[in-house]
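Input: a single structure, listed below in structure tokens.
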Amino acid sequence: MLDLPLVARGKVREVYDAGADRLLLVASDRISAYDHVLPTPIPDKGRVLTALSVWWFEQLTPVLDEFGAGHHLLSVTDVPAEVAGRAMLVRRLTMLPVECVARGYLSGSGTVEYSRTGSIRDVPLPAGLVEGSRLPEPVFTPSTKAEVGEHDEAIDFAAVVGLVGQARAEELRELTLALYRRGAEIALDAGIVLADTKVEFGLSTEGRLTLGDEVLTPDSSRFWPAVTWSPGAAQPSYDKQYVRDWLTSSGWDRVSPPPELPDDVVAATRERYVTAYEQLTGRRFA
Ligand SMILES: N#Cc1c(N)ncnc1-c1cnn(Cc2cccc(F)c2)c1
């Protein structure tokens, strides 16, 4: 347990108070599937996803610069030894109450909405799209932050305006879409379809729009292997498919506490995270 006050705890991450205007974001090795946190950790998951976020902050800085925005990462070395490699020291922000989601492909709740309305939020889409279809243009699909354990609630652009004002809402939409476009382009070059992602922003003490949270990780985004992309059915998850398939085959009812994962599923899942990192960054995971 860290000797710092706990600020927030998510399914697989914690936020600690690191003193004056600083927080410590700690990524655990926990993995969640079907809205349950599984009892078996995936070794190095926290370290891989932290290293990936750090790399994306570097890659996306030119996009942030275009908008006069910054990011909250201060250090990954100035952190307690017990969480070295899986913690980010970040600037404390005043977080904006909007989960900024960009979708480049139709999936999950997006497919449900499209099936009912022929659109996603206020964006009409062409007929004939199916689960996994690439959208003509990426779509901004914001939601409000739910209490821990609850699902985020979809909101439309007008609701974002109501929360942060017209100019800020437009800035959030355009910056979220620009970050997604750049990330999706880099990911596809590495053989990964970035189907969608969720980013969070806050305001720095100087009032500057600042990208927070984790960025473009398999926990905040849908990663699909490009080689198996085939619209018309649920796409296999790049990182969680072994876990999902094993849980389904185990007969687990998705309501009672989930079973422990077998060693081979743990090892294969760890390998997926490491491979995603190495394919995207071109760097060896140490
Ligand atoms: N990032 C960031 C951040 C910041 N830079 N400044 C102020 N607050 C936050 C902050 C607070 N909660 N969260 C969500 C969150 C993240 C990780 C784990 C969790 F449990 C919950 C983000």
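Each ligand, and each atom within it, is numbered from 1 in the order the structure gives.
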Check against salt bridge (charged side-chain N to carboxylate O under 4.0 Å, His left out), Lys198 and Asp152: CA-CA 11 Å; Lys198 184 245 328 158; Asp152 296 337; over 6 Å; no
* To do: Could you tell me whether the side chains of Glu214 and Ser53 share a donor-acceptor contact shorter than 3.5 Å?
  => no
Atom 10 (C) of ligand 1 has as its nearest protein heavy atom Met95 CG, 4.0 Å
Atoms of ligand 1 under 4.0 Å from any heavy atom of Val90, numbered from 1 in the order shown, are 5 (N)
Counting from 1 in the order shown, the ligand 1 atoms closer than 4.0 Å to a non-hydrogen atom of Arg9 are 20 (F)
(message) In this structure, would Leu73 and Leu64 fall into the same cluster of hydrophobic residues linked by side-chain contacts under 4.5 Å?
(response) yes
If we number the atoms of ligand 1 from 1 as shown, the ones under 4.0 Å from a heavy atom of Leu23 are 3 (C), 4 (C), 6 (N), 7 (C), 8 (N), 9 (C)
Residues at least two apart in sequence or cross-chain that pass side chain to side chain donor-acceptor pair (under 3.5 Å) with Thr176, listed by chain then number, are none
| query | Is Asp213 close to ligand 1, meaning an N/O of one under 3.5 Å from an N/O of the other? | reply | yes
re atom 12 (N) of ligand 1, the protein heavy-atom contact at minimum distance is Val15 CG2, 4.0 Å
Quick one: do the Tyr238 and Gln279 side chains pair a donor with an acceptor below 3.5 Å? yes
Any heavy atom of Leu93 under 4.0 Å from ligand 1? The part involved is both
Among Arg92, Arg91, Arg13, Glu14, the residue with a heavy atom nearest to atom 5 (N) of ligand 1 is Arg91
Checking heavy atoms under 4.0 Å, the part of Leu25 that sits near ligand 1 is side chain
The answer for which part of Val7 has a heavy atom under 4.0 Å from ligand 1 is neither
In ligand 1, the atoms that come under 4.0 Å of a heavy atom of Gly10 are 19 (C), 20 (F)
Checking the N or O distance criterion of under 3.5 Å, is ligand 1 in contact with His72? yes
Given the options Glu137, Glu66, Glu174, Arg181 meets salt bridge (charged side-chain N to carboxylate O under 4.0 Å, His left out) only with Glu137
Answer with yes or no whether the hydrophobic clustering places Leu49 together with Val199; edges join I, L, V, M, F, W, Y residues whose side-chain heavy atoms lie under 4.5 Å apart. yes
Ring centroids only, cut at 6.0 angstrom: are Trp55 and Tyr277 within range, meaning strictly under it?
no
